[in-house]
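Take a look at the structure below.
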Amino acid sequence: MDNRYKPDELEARIQAEWEQTGAFAVSEDPRREKFYCLSMFPYPSGNLHMGHVRNYTIGDVIARYQRMRGRNVLQPMGWDSFGLPAENAAIENKVAPAKWTKDNIAYMRAQLKRLGFAYDWTRELATCDPEYYRWEQWLFTRLFKKGLVYRKTSMVNWDPVDQTVLANEQVVDGKGWRSGAPVERRAVPQWFLKITAYAEELLAELENLAGWPEAVRTMQHNWIGRSEGVDIEFQVGDESLTVFTTRPDTLMGATYVAVAPEHLLAIEAAEESAALKAFIDECRNVPVSEAAMETMEKRGVDTGIKALHPITGEALPVWIANFVLMIYGSGAVMSVPAHDQRDFEFAKKYQLPIRPVVYPLDGELTLDEAAFTEKGVLRHSGEFDGLSSDEAFVAIAEYLEARGKGRRLTHYRLRDWSVSRQRYWGAPIPIIYCSSCGGVPVPDDELPVVLPEDVAFDETGSPLKHLASFVSTTCPECGGPAERETDTFDTFVESSWYYARFACPDNRDVMLDRRAGYWLPVDQYIGGIEHAILHLLYARFFHKLMRDEGLLKFDEPFTNLLTQGMVLKDGAKMSKSKGNTVDPQAMIDQYGADTVRLFMMFAAPPEQSLEWSDTAIAGAARFLRRFWKLAVNHLSNGKAPGLNKSRLTVAQRALRRQIHETIVKVNDDVGRRYTFNTAIAEVMELINALSRAQDDSAQGRAIMQEGLETGVLLLAPIVPHISDAIYRALGHEEMVINVPWPEVDKSALTREEILLVVQVNGKLRARITVPTDARRDEVEEAALADVNVQRFVANKEVQKVVVVPGRLVNIVVS
RNA sequence: GCCCGGGUGGCGGAAUAGGUAGACGCAAGGGACUUAAAAUCCCUCGGAGGUUUCUCCGUGCCGGUUCGAAUCCGGCCCCGGGCACCA
């Protein structure tokens with residue numbers, strides 16, 4: 001064993017050994033319990049950033065721990081390699097997206113290897129590989145035939161100068177990021193996946209996802225947003241205007257109706273009125289994001305059109321309002337200013353009538369400041385007077401249903417998934433447009449539809465649109481001339497099923513084979529909290545699509561989910577624009593992989609954000625050097641003698657107890673809580689205690705050997721290189737990755753005495769040591785006997801003594 | 001705006017089920033070793049007072065429940081994540 005700790009040399013040597021022995025390549029073994037550990041794969045942006053290092057270190061620690069626990073562990077890695085940045089690089093630096101992406105992957109793969117992650121690299125995949133995306137094209141054509149795919153128009157952000165569709169992040173303050181021109185909403189035909197057909201299942205199964213954080217389940221629950229309500233028909237001329245409401249009990253308080261600017265009624269009304277047309281045009285200058293919609297000033301105009309109240313027949317004004325969403329419900333709402341806050345504010349602004357119909361069960365109804373949005377009892381509602389809100393909900397719904405003016409239904413906030421992107425660097429949507437047959441899916445034997453890689457970014461929009469060799473084709477049905485779809489898939493499509501493909505990435509005949517049945521579901525999924533809704537919901541949806549295609553047999557893809565917090569520098573997210581990034585590569589070069597991994601796991605528990613510190617990482621390096629030195633010193637005295645448990649001094653027994661208490665603590669922290677920071681702190685305390693021991697007796701050295709071996713094994717998942725080196729120096733042949741996790745010796749844990757805290761009226765007044773098996777009255781007696789306790793108890797009446805076994809005594813005095 | 005988190009020393013954090021607030025580490029200060037520096041080792045380290053043994057205050061702010069609250073409840077402030085075309 002080298003006297004000095006030299007991480008560069010040691011890590012290179014051990015990594016080479018892992019590679020040569022194929023240490024982390026795994027295959028199905030039905031006799032062993034499998035464990036599939038997956039970290040969210042990266043977008044190959046060029047360099048690993050600290051968020052990746054954190055994510056992948058957490059995953060690697062869990063994977064290595066499970067391996068030491070005897071599981072057959074699959075931990076794969078791949079590349080989410082389609083997306084916007086590659087196109088931006090192409091435009092800015094004249095590099096082809098394919099080449100840019102492949103170069104980035106090569107560099108980042110080397111970085112991951114340098115960090116020593118225990119990946120099965122034989123399963124590596126990249127989503128931009130036609131052998132990967134062909135299977136989502138194939139599945140899409142199946143879904144097309146099942147009617148789970150459809151085409152309709154929806155709104156996009158349009159940059160009128162660059163003549164291109166903008167992503168929400170490319171819209172800055174309502175303007176295009178490059179051109180600076182105000183964005184316009186534009187209706188574009190898009191392909192949709194019917195995720196709403198699975199809304200009920202996606203919602204119901206959240207209850208069963210016990211291994212998911214409560215926050216993520218709540219967010220998805222709210223996102224799906226199930227609500228029970230009524231579609232109500234208002235008569236407008238000869239037409240019927242449908243509005244959805246969750247509060248039919250307030251129907252008698254409706255004083256106007258509001259429609260979205262894109263609503264057919266609004267568009268028709270605008271044909272007659274320049275003012276209405278001007279308002280609708282203005283509304284087109286709000287970006288399509290919901291945040292933009294919600295924070296803009298709420299405005300509206302009266303169309304002059306009247307809608308007849310379905311019960312009273314009263315003629316209510318129809319307004320166009322910029323906050324009514326065409327994508328939600330029917331694009332029209334009934335407005336009840338007395339009982340809806342937004343309607344209330346709108347009515348105040350435009351002096352529309354406010355008609356209260358629901359009153360609180362006790363107390364007065366006041367509508368000076370705000371609407372009364374709670375449930376209550378009905379008044380001024382004709383035959384419904386006196387009913388509670390819940391009773392009125394049913395009574396009014398039934399009244400409307402009986403007259404053909406309404407129907408009860410369940411509505412979801414969740415919208416169908418638009419998978420079309422007007423971009424180049426993505427998987428082509430496998431559809432062919434024929435003038436006589438319409439949109440036709442590409443037949444299986446013509447898949448994959450390969451994305452051409454030799455394209456020019458000279459013109460605006462997607463280069464695919466200008467590439468005749470791609471666009472021109474023949475109709476698979478009639479054989480006539482036809483054109484290919486030039487939109488590509490949303491990159492969330494690729495990331496919705498990669499976890500499954502890792503089970504059988506080499507199969508060229510089917511999307512998934514029986515190996516998926518062995519490895520799936522993912523036992524532990526690890527990724528950023530920012531993916532709590534979209535990615536994780538789409539992946540759950542896709543899993544069910546694959547299940548219903550017969551490819552998988554169970555319902556949910558990820559049994560346990562760990563959402564890791566962000567890596568911050570100076571309290572802010574690391575980003576190039578803020579100039580506060582720390583390059584992980586520089587840290588690896590300076591300290592080695594183990595130190596970087598140790599600091600990442602020590603600085604904060606995984607779910608919290610992590611504050612990067614250049615000085616604190618030096619502390620991690622210092623600890624590893626101390627650990628190394630302790631082992632060197634121990635070994636310099638030759639081989640340690642065997643342990644004889646019956647011949648230990650009090651101090652030796654105490655140190656040995658600490659060794660085994662450390663195992664107990666680390667088992668809980670690493671195996672159950674995933675609080676690696678406290679596990680590391682516990683091992684640090686053990687190493688500190690061993691360093692202080694200074695016991696050269698035979699049994700002292702035997703305990704040192706036991707302590708070092710234990711420490712090394714407990715840290716092996718976190719710092720695998722140094723652990724391997726020390727473990728073998730301690731006299732073992734095998735690689736530490738093949739050694740089982742240490743066992744607790746229960747006999748070492750016994751104590752004769754325990755420390756109790758004594759409080760008087762809840763304030764700490766003394767600490768006492770009592771025999772472990774002391775009876776309650778003995779404990780009370782010892783507590784009252786304490787000198788300092790007597791100072792606070794003397795001359796006072798003891799009202800109560802609370803004894804919490806093994807913890808404290810609280811004496812309550814008057 | 002809406003949904004979901006978080007707020008503890010100079011800093012990162014610990015306190016797992018309501019029971020010793022500040023484990024472990026960083027920084028800082030003092031000391032040892034050294035010609036010197038680095039490295040290493042030892043001591044101190046929430047605030048105020050007393051100065052060995054102790055007291056009061058203290059977990060974003062205000063109030064409540066409890067023998068006992070960082071932890072539970074109500075209200076408020078601030079910071080972060082998501083909001084459907086960033087991934």
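Every chain is numbered from 1 and lettered A, B, ... according to where its sequence line falls, protein lines coming before strand lines.
Here A:D159 pairs with nothing under the salt bridge (Lys or Arg N to Asp or Glu O under 4.0 Å) rule; sequence neighbours left out. Annotation: ring-ring contact (aromatic ring centres under 6.0 Å, His included) contacts of A:Y412 (sequence neighbours excluded): none. Contacts of A:Y498 classified as ring-ring contact (aromatic ring centres under 6.0 Å, His included), with partners at least two apart in sequence or in another chain: A:F41, A:F502. Not a single side chain to side chain donor-acceptor pair (under 3.5 Å) links A:S462 to another residue, sequence neighbours left out.
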Q: Mark up nucleotides 13-27 of chain B, 5' to 3', with B wherever a protein heavy atom is under 4.0 angstrom from a base atom, S wherever such an atom reaches only the sugar-phosphate, and - elsewhere.
A: SSSB--BB--BBSSS
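Nearest nucleotide to the A:N788 side chain, out of B:U55, B:G1, B:C85: B:U55. Taking every side-chain heavy atom of A:F792 into account, B:U55 is the closest of B:U55, B:C83, B:C85.
In this model, the phosphate group of B:A84 is approached by a side-chain N or O of A:N168 to a distance below 4.0 Å at OP1 or OP2. Proximity of A:R625 to the phosphate of B:A39: no side-chain N or O atom is located under 4.0 Å from OP1 or OP2. Using a 4.0 Å cut-off, no side-chain N or O of A:K763 falls inside it from OP1 or OP2 of B:A69.
Salt bridge present: A:R217 and A:E214 bring a charged side-chain N and a carboxylate O closer than 4.0 Å.
As rounded to whole Å, 15 Å separates atom P of B:C2 from atom CG of A:L325. Regarding A:F542, its CZ atom lies at a distance of 21 Å from the P atom of B:A84, rounded to whole Å. Residue A:E290 contributes atom CD, which lies 10 Å from atom C1' of B:C3 at whole-angstrom precision.
At least one donor-acceptor pair closer than 3.5 Å links the side chain of A:R413 to the backbone N or O of A:W223. Formation of a donor-acceptor pair under 3.5 Å by the A:E87 side chain with backbone atoms of A:W425 is found in this model.
Taking a pair as Watson-Crick or G-U wobble with both distances under 3.5 Å, RNA chain B forms stems of 3 or more consecutive pairs at B:1-7 with B:77-83, B:10-12 with B:24-26, B:28-32 with B:40-44, B:46-49 with B:54-57, B:60-64 with B:72-76.
Looking at A:Q799, its side chain has no donor and acceptor atom pair within 3.5 Å of the base of B:C67.
Map A:F41 and A:T218 each onto its nearest nucleotide of RNA chain B; the residue landing nearer the 5' end is A:T218. The nearest heavy atom of RNA chain B to A:K298 and to A:F599 marks one nucleotide each, and the one closer to the 5' end goes with A:K298.
B:A37 and B:A32: their P atoms are spaced 12 Å apart (whole Å).
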